[in-house]
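Okay, structure first, notes after.
Computed over heavy atoms, backbone and side chain alike; hydrogens, waters and symmetry mates excluded. Every chain is numbered from 1 and lettered A, B, ... according to where its sequence line falls, protein lines coming before strand lines.
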Amino acid sequence: MTEPLLAVRDLQKYYFEQDSFVDSLLGRDPTSVKAVDGISFEVERGETLGLVGESGCGKSTTGETLLRLREATGGAVTFDGANVFEMDDDELKAFRRDAQIVFQDPFSSLDPRMTVGDIVAEPLKIHGIPESADGESKREWRRDKVADLLERVGLSANHLDRYPHEFSGGQRQRIGIARALALEPDFIVLDEPVSALDVSVQAQVLNLLDDLQSEFGLTYLFIAHDLSVVRHICDRVAVMYLGNVVELGPTDELFESPKHPYTKALLESVPRPSTAEHGRRVEALSGDVPSPRNPPSGCRFRTRCPQVIPPDDLDIEQGTYRSVMDLRDALAVGDVNPDHIWDAADPDRADTEAFIEEARARHVDAELRGEVAGVVDTALGHLAEGEADRAGETLRERFESPCETRRPAVGEAPHPAACHLYEGSDEVTVIETNAGAAAEADD
Amino acid sequence: MADTILSVRDLSTRFFTEEGQVNAVESVSFDVEDGEIFGIVGESGSGKSVTALSVIDLIESPGRVTQGEIWYRNADLAEEFRGSKPEAVDGDLVDIRRLPKGVRRSLRGPSFSMVFQDPMSSFNPSITVGEQIAEAVEVQRRARSNPRSTRSRTQGYGLGSLLVDSLLPSKSYVDDESMDRAVELLDQVGIPDPEDRAEEYPHQFSGGMLQRAMIAQALAGEPDILIADEPTTALDVTIQAQILNLLRDLQEQEGMSILMITHDLGVIARMCDRVGVMYAGEVVERGPLADIFDNPVHPYTQGLLGSIPDVDDPSGRLEPISGNVPSLLDSEMPDACYFADRCPKAMTDCLTRIPEYELDGRHSVRCVLAEQEYDPADAVDSADAADAVDREVNADD
């Protein structure tokens with residue numbers, strides 16, 4: 001197998017809050033937002049790798065960090081054999097000729113005071129191209145080159161002297177693509193290139209990207225949230241969730257037999273434009289994506305996962321276990337307020353039985369039986385006495401999942417999934433974290 | 001067949017801007033039946049949101065609804081105006097455009113209410129979510145106890161209310177009963193721990209939670225028709241699935257009708273019973289879901305369906321519609337089918353204005369192909385059509 005064009009290893013990008021000089025004087029510790037937290041993938045020459053995920057999962061940060069538009073916190077990116085993060089200025093400038101980016105918003109990524117000709121010619125100017133032009137001035141050479149590029153992306157050469165506001169969204173995105181092509185790069189990061197466009201125009205741009213790839217032998221990193229677009233254009237796909245890659249595989253395989261519960265839920269949620277879709281009820285994932293300021297310990301997806309793994313020695317139905325885990329999460333984030341439960345159950349705050357019953361009605365979706373009911377009731381008893389921490393601890397002791405103590409990452413298999421369900425195969429590697437740290441993170 | 005709760009006929013809305021007259025909505029007609037979800041789908045600038053705002057009478061200057069009738073079934077109103085405004089009453093239906101302004105305003109809440117696209121900018125950031133919902137409840141309660149109170153033109157304005165506002169703290173507007181109802185509504189839309197969340201401000205909510213809160217607010221008046229304008233466009237797909245489930249549940253529980261506006265054909269397919277496809281301010285095709293998706297007649301509808309990549313079947317190249325969405329400036333709009341310059345099947349007949357053809361009782365389309373087969377001999381090249389349009393425009397100058 002040939003060497004990949006781009007290899008990303010354990011890339012991390014943290015943003016820090018409270019780390020100004022004043023904060024350090026006041027003795028505040030900086031808090032980190034883990035936008036990208038240790039991801040690895042490779043992009044082969046000539047392929048399109050899709051990076052897909054919901055907003056806030058770190059996909060755009062990944063694209064910008066690997067081009068060194070943002071400084072990475074850790075990890076390494078190798079492009080064509082050279083480590084991007086260790087390049088000096090000259091090497092970096094050379095790297096920028098080979099790797100370009102197209103941004104999402106065609107309205108804010110073009111300078112409104114430059115003509116289209118100047119916008120597309122700017123990269124050429126910066127990189128001193130052409131070094132020499134025979135028979136004509138460099139300016140004329142660039143003008144011809146830009147006219148050529150504009151025609152290549154489906155605009156006309158007499159658009160050269162117009163300004164961006166004279167173009168529609170789709171046409172502006174074409175200008176952005178022409179600018180990225182100007183330096184004849186090998187690799188382009190396409191950061192949501194069609195998500196600001198209407199469907200009819202989106203299809204035109206997708207077809208254009210397809211054509212350009214086969215004409216110039218380009219390699220794409222295609223960042224998107226729209227799964228149907230990803231399916232259409234990508235050869236392989238990496239699914240991201242909260243700063244991690246959870247599944248990586250060839251597009252058809254990943255869409256037809258997804259492995260990670262998150263990928264399954266994502267695919268299940270997409271509304272299909274066909275009559276068979278009518279009235280289809282999706283088992284929606286519960287809750288919201290947690291904050292990257294304080295991500296869940298272990299598997300990042302465990303707070304919403306419908307297949308979260310119960311402890312070995314516990315006999316419990318999956319649905320029941322999910323609702324117990326939801327109760328634990330709600331306790332951890334302070335979504336359970338004993339005062340309101342008391343108000344509804346017994347304003348005199350005497351009848352603990354009534355409190356437990358009311359709390360179960362409000363916060364536990366499933367029927368509880370046997371040992372599970374016993375432990376939950378004990379915990380809710382603690383809650384009734386105002387000891388929320390002890391309630392959480394009681395539940396943790398009995399219901400702690402392997403998903404929260406150890407963190408999974410994608411393994412070496414061709415189609416790996418970072419999920420404990422696949423433990424024991426080469427699809428997942430487990431990063432051990434100790435249980436104590438996990439409990440601390442929960443607080 | 002279910003009864004019609006809302007029947008929009010020949011509705012046009014214009015914006016009189018400095019650049020000229022914009023024909024945002026052009027002779028739009030559609031019906032919404034009891035307990036159904038009617039979808040309006042179109043690209044940006046096709047006039048779908050303006051249509052919704054026209055129905056709920058929220059078009060602001062420089063815009064104006066210039067013609068059309070909006071028939072709404074309400075026996076009480078029909079009874080009330082049968083004597084004084086016979087032209088506005090037809091059986092149980094009233095034409096709300098002909099009712100007095102105060103009455104039209106009183107319909108917002110108990111008759112129509114609206115869920116907007118961007119929950120983050122639709123709430124007041126300096127008032128708690130609970131209070132904003134309770135305010136909606138309060139308005140409806142006062143309206144019910146004294147229907148005339150919300151019909152007064154000066155309500156909420158003027159010297160009297162200025163004095164009242166400055167003397168009484170603004171909180172007193174919302175009493176405990178309304179606040180309790182707000183908490184109930186938050187609970188109904190699936191917000192955990194509603195008592196505490198009601199005390200929080202919009203920025204403390206996630207996008208999905210805030211969209212739920214906005215739905216709760218829209219439910220406060222127990223509306224007959226909920227207008228949902230791109231309710232899930234700002235949300236991620238897993239959260240979108242939650243909100244769509246919620247809307248369907250509420251629609252079944254409350255028995256209301258929903259007018260669903262979206263650009264996403266997938267959302268239309270999952271939710272809607274009947275659909276209208278809008279292009280350049282017109283409803284170009286309208287009918288039951290199956291007719292529109294499996295048997296589209298208008299080339300624009302076909303083009304729209306052909307432009308979407310299929311998540312289950314990646315094979316094949318997309319077949320986009322060429323060209324761009326047209327300008328809606330009156331001076332630039334041709335006396336021809338608005339789609340002719342992009343249409344792969346444009347014929348000479350398309351260079352005149354096209355009426356709406358009924359295919360069968362339920363499916364109608366604004367295209368000559370409804371009546372005749374495509375005849376390549378009669379074709380005008382789309383470029384020619386564009387030229388014809390240009391000539392037309394220049395002739396107008």
As an exercise: rank [options] by heavy-atom pairs under 4.5 Å with chain A and give me the winner.
options: B/Leu289, B/Thr238, B/Ile321; value: B/Thr238
options: B/Gly207, B/Pro192, B/Gly323; value: B/Gly323
options: B/Glu319, B/Arg248, B/His263; value: B/Arg248
options: B/Ile308, B/Asp294, B/Leu304; value: B/Asp294
options: B/Cys272, B/Gly303, B/Gly306; value: B/Cys272
options: B/Asp310, B/Val267, B/Leu305, B/Asp249; value: B/Asp249

Checklist entry - Could you go step by step and tell me if B/Asp313 and A/Arg272 meet the salt bridge (charged side-chain N to carboxylate O under 4.0 Å, His left out) rule? => result CA-CA 11 Å; B/Asp313 171 25; A/Arg272 272 82 168 160; over 6 Å; no

Return the option, out of [options], with the maximum number of heavy-atom pairs under 4.5 Å with chain B.
options: A/Gly287, A/Pro271, A/Gly154; answer: A/Pro271
options: A/Asp335, A/Thr275, A/Asn207; answer: A/Asn207
options: A/Leu285, A/Asn337, A/Ile341; answer: A/Asn337

Chain B contact via [X] - side chain, backbone, both or neither, heavy atoms under 4.5 Å:
X: A/Thr251; answer: neither
X: A/Leu206; answer: side chain
X: A/Asp343; answer: neither
X: A/Ser168; answer: side chain
X: A/Gln202; answer: side chain

[X] atom [atom1], over 12 foreign heavy atoms within 6.0 Å:
X: B/Glu19; atom1: CD; value: no
X: B/Asp176; atom1: CG; value: no
X: A/Arg280; atom1: CZ; value: yes

Are [X] and [Y] packed together at the side-chain level, in the sense that at least one heavy-atom pair is separated by less than 4.5 angstrom?
X: B/Leu265; Y: A/Glu277; result: no
X: A/His278; Y: B/Asp273; result: yes
X: B/Glu195; Y: A/Asp339; result: no
X: B/Met209; Y: A/Asp288; result: yes

Checklist entry - So how far is it from A/Glu283 CD to B/Asn245 CG, rounded to the nearest 0.5 Å? => result 7.5 Å

Checklist entry - Going from CG on B/Asp236 to OG on A/Ser269, what distance comes out if it is rounded to the nearest 0.5 angstrom? => result 10.0 Å

What are the two closest non-hydrogen atoms of [X] and [Y], and how far apart are they?
X: A/Ser274; Y: B/Ala269; value: O-CB, 3.3 Å
X: A/Glu54; Y: B/Ile239; value: OE2-N, 4.4 Å
X: A/Ser200; Y: B/Ser307; value: CA-OG, 3.6 Å

Checklist entry - Between B/Arg317 and A/Asp211, does at least one N-O distance fall below 4.0 Å, as a salt bridge requires? => result yes

Item to check | A/His340 and B/Asp196 side chains, donor-acceptor separation under 3.5 Å | outcome: yes

Next on the checklist: Strictly by salt bridge (Lys or Arg N to Asp or Glu O under 4.0 Å), give each pair with a member in residues 179-193 of chain B just once, sequence neighbours left out.
Outcome noted: B/Arg181-B/Glu184, B/Arg181-B/Glu222

